[in-house]
Amino acid sequence: VRHVDYCRIIPQGRSVLNPDLELLRGKHILIVGDKFLATGDTQREIKKHGAQIVGPVRSVDLAIYLLHGTMIDAAILDLNLDGEEVYPLADALSERRIPFVFATGDEMAAMAGNYRGFILCDKPTELVVIAVALFAPDRLPH
Amino acid sequence: MSTENFSDCELVALRPALMAFARSFVRTPNDAEDLVQETLLRALSFRHQFHAGTRLKSWLFTIMRNTFYNEAVRVKREHPGYDECVSERRSVAAPQEMSQLLFEVSNRIDNLSPAFREALILVAIGDSCEEVASQVGCAVGTVKSRVSRARRLILNHNLDEMSQPLQK
């Protein structure tokens, strides 16, 4: 049996298995960021739930270029991307009504404090948060 | 007369767009509201730094991103010296109930028989029952029943009374 942190597996007795991961099935997801954002494990986990990954691409310009003529249902952008540089991409995505979130791949740092954002890692629990935010935002808790 | 480069009306008009942007940074609509508020407040206090010719929407987006990012980095930095950020809070939730509950749950997981524990953990970390069955070398139905019995063993034993303080 792999080493597992029990505390994270069963938060208040609930299983991490979540039908909302099915939201990812068949979706084309653009990932923009460096190699620390979407590691091999993370990419495998995303693909495991039936999504296709476009990228990961490192440059914002290339990402904008890909918006023309590439099938993209949603995007995950690196929180580390500079605000002014990434704005044209965020703007282009919202104009096309393509849902997107900013995420950090630094799972440990994000878990450490009162981080309110998204974490892109190979944990189904984190992936499901992103899946709901992208594809079923009305179901988010208040 | 001030030399402000954008009016309050322009700011208000961009609120829906800012709300949409905020939803891409934080998980919940409430946090998104907060982030929009923080962004607008900052925009107002830095309005003298806004250059005519800059697009207001892009300027506000950058403020929002930096507000959120700096807070995320601050949270990260403060973690080792935890006292500083605790001192900023007015009250702190008692952590002992939750840690007691987690301790109890992990104890119960440890006390499961190895076959049950293995099935439960593999399924809990996201493997399907079919995958677990092939890894462990038993029928899918066996995995399912081991998992559900393991869950019952962990949850049924008066965990209710332990979790009551948490439901306040």
Side-chain angles (χ1 to χ4, degrees), chain A residues 1-2 4-13 15-18 21 45 48-49 75-77 79-88 90-91 93-94 99-104 106 108-118 122-125 127 129-130 132-134 137-138 140-142, chain B residues 17 20-21 23-32 34-35 55 57-59 61-66 68-69 71-80 82 85 98-99 101-103 105-110 114 117-118 120-129 147 151 154-155 159 163 166:
Chain A
V1 176
R2 282 168 265 173
V4 187
D5 178 2
Y6 293 144
C7 303
R8 284 247 298 287
I9 298 175
I10 310 183
Q12 297 177 36
S15 162
V16 294
L17 284 189
N18 193 317
L21 282 169
E45 186 63 32
K48 189 172 127 184
H49 299 290
I76 301 172
L77 317 180
L79 183 58
N80 281 320
L81 290 164
D82 176 84
E84 273 173 66
E85 276 173 35
V86 79
Y87 172 76
D91 198 39
L93 287 165
S94 24
F100 62 97
V101 293
F102 287 88
T104 177
D106 192 349
M108 286 330 215
M111 293 285 189
N114 184 27
Y115 176 68
R116 302 181 290 168
F118 301 92
D122 59 355
K123 301 277 182 303
T125 41
L127 213 49
V129 175
I130 292 179
V132 171
L134 291 175
D138 297 338
L140 280 177
H142 275 264
Chain B
F21 279 139
R23 295 289 294 270
S24 69
F25 286 105
V26 294
R27 295 168 173 229
T28 68
N30 277 355
D31 281 338
D34 288 349
L35 186 55
R55 279 187 65 205
K57 194 169 146 197
S58 114
W59 188 69
F61 172 84
T62 307
I63 291 179
M64 176 180 284
R65 182 264 173 201
N66 291 348
F68 178 72
Y69 185 78
E71 184 200 298
V73 172
R74 185 172 62 84
V75 162
K76 193 156 100 182
R77 259 197 240 111
E78 271 182 358
H79 181 61
Y82 212 51
C85 65
M98 181 56 92
S99 61
L101 180 63
L102 289 173
F103 179 75
V105 169
S106 61
N107 252 352
R108 287 176 191 190
I109 293 174
D110 286 340
R117 188 167 60 230
E118 183 179 47
L120 178 77
I121 290 173
L122 288 176
V123 168
I125 60 176
D127 290 357
S128 69
C129 289
V147 170
R151 280 190 181 137
I154 291 169
L155 295 175
L159 207 61
S163 59
L166 300 172

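By convention in this document, chain letters (A, B, ...) are assigned in the order of the sequence lines, proteins followed by strands, and residues within each chain are numbered from 1. What's counted below: heavy atoms across the whole structure, side chains too, no hydrogens, waters or symmetry copies.
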**Q.** Any donor-acceptor pair under 3.5 Å from B/R65 side chain to A/L81 backbone
**A.** yes
Q | Non-hydrogen atoms of A/N80 and B/Y69 that approach each other most closely | A | OD1-OH, 2.8 Å
Q: Give, for atom CZ of B/F21 and atom CZ of A/F100, the distance between the pair rounded to the nearest 0.5 Å.
A: 5.5 Å
Q: Let me know which of A/V101, A/V132, A/V129, A/I130 forms a side-chain contact (heavy atoms from CB on, under 4.5 Å) with B/R27.
A: A/V129
Q.
Return the CG to OG distance between A/L93 and B/S24, rounded to the nearest 0.5 Å.
A. 9.5 Å
Q: Measure the acute angle between the ring planes of A/F102 and B/F25, then classify it against the limits of 30° and 60° as parallel, tilted or perpendicular.
A: parallel
